[in-house]
Asks: 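My questions all concern the structure below.
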Amino acid sequence: AQTVTQSQPEMSVQEAETVTLSCTYDTSESDYYLFWYKQPPSRQMILVIRQEAYKQQNATENRFSVNFQKAAKSFSLKISDSQLGDAAMYFCASDSNYQLIWGAGTKLIIKP
Amino acid sequence: DTGVSQDPRHKITKRGQNVTFRCDPISEHNRLYWYRQTLGQGPEFLTYFQNEAQLEKSRLLSDRFSAERPKGSFSTLEIQRTEQGDSAMYLCASSLQDPGTVYNEQFFGPGTRLTVL
């Protein structure tokens, strides 16, 4: 069975600094996608960034980038120049054909 | 189209009552998913539809849970004889699944928060 593990229940970062959120996964699929979703307090889940497993190049979306290590089954999210609006729960997820398998989430706190 | 919508946003009910939630997906999306999210956890997959066909329902938590998507548009999730353990956020998501593609970006609604007293 596929699993996704986020070992950091909570992280904090000073505004304008950089933070990295960790995620490891396990899958038997040869072709899959990985995602980072953001869930602000009382708001809906939003896709932050996705990575296609067959692509070597790490995905980047503005201040968000990933470090995808396929052999190690690691998929970390780096947020540069952290902003107050980045405060949220961040979930790592893998795509298993029709469903997403989710980690338990990391609460990101931004210190002004 | 403004995205996935869910109704109601909050529901408080007494143990033993039946509840029904509605989800309206993004209009052109052919897949619709239901997840449950308990406090401090990631979402847990429950079921999904491709058009009106329910293609996976073995992950529904018990036979008290059922879902429909009769015309391939909106969907309902019903919980019969609610229990306190059913208290959670119920999330709906939709996606456009093209034949032959693996990628499956799911767009989420705001969720329905259920409290069972």
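Order of the sequence lines fixes the chain letters, A, B, ..., with proteins taken first and strands second; residue numbering starts at 1 for each chain. It should be emphasised that the depicted structure is a prediction, and the values quoted were computed from it without experimental measurement.
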Asks: Determine whether more than 12 heavy atoms belonging to other residues, nucleotides or ligands lie under 6.0 Å from atom CZ of B:R64.
Replies: yes
Asks: Are there over 12 heavy-atom neighbours, none belonging to A:R43, within less than 6.0 Å of that residue's CZ?
Replies: no
Asks: Is atom NZ of A:K55 surrounded by more than 12 heavy atoms (other residues, nucleotides or ligands) closer than 6.0 Å?
Replies: no
Asks: Would A:F64 and A:L21 show up in the same hydrophobic cluster when neighbours are defined by side-chain heavy atoms closer than 4.5 Å?
Replies: yes
Asks: Is atom CD of A:Q56 surrounded by more than 12 heavy atoms (other residues, nucleotides or ligands) closer than 6.0 Å?
Replies: no
Asks: So for B:L55, is it side chain, backbone, both, or neither that comes closer than 4.5 Å to the heavy atoms of chain A?
Replies: neither
Asks: In residues 39-53 of chain B, which residues are in contact with chain A at a heavy-atom separation under 4.5 Å?
Replies: B:G40, B:Q41, B:G42, B:P43, B:F45, B:Y48
Asks: Going hydrophobic residue to hydrophobic residue with side-chain gaps under 4.5 angstrom, can you get from A:M11 over to A:I49?
Replies: yes
Asks: For B:E78, look at atom CD and say whether over 12 heavy atoms of other residues, nucleotides or ligands are found less than 6.0 Å away.
Replies: yes
Asks: In sequence, state the C-alpha distance, the side-chain angles, and the governing distance for B:E56 and A:Q99, and then conclude on side chain to side chain contact (heavy atoms under 4.5 Å, CB included).
Replies: CA-CA 10 Å; B:E56 174 58 63; A:Q99 64 176 296; 5.8 Å; no
Asks: When only pairs under 4.5 Å are counted, which of A:K107, A:M89, A:M45 shares the most heavy-atom pairs with chain B?
Replies: A:M45
Asks: With side chain to side chain contact (heavy atoms under 4.5 Å, CB included) as the test, would you mind laying out the steps for A:Q44 and B:Q6 before giving the verdict?
Replies: CA-CA 11 Å; A:Q44 63 203 80; B:Q6 292 186 245; over 6 Å; no
Asks: Quick one: side chains of residues 106-117 of chain B, donor-acceptor pairs under 3.5 Å with protein atoms, not counting sequence neighbours, listed by atom name and distance.
Replies:
from	atom 1	to	atom 2	distance (Å)
B:Q106	OE1	B:Y35	OH	2.8
B:Q106	NE2	B:Y35	OH	3.4
B:T112	OG1	B:P8	O	2.5

Asks: Any luck finding a side-chain donor-acceptor pair between B:Q37 and A:Q39 under 3.5 Å?
Replies: yes
Asks: So what's closer than 4.5 Å to chain B heavy atoms on A:L100: side chain, backbone, both or neither?
Replies: both
Asks: With a 6.0 Å cut-off (strictly less than), is the heavy-atom count around NZ of A:K73, excluding the residue itself, greater than 12?
Replies: yes
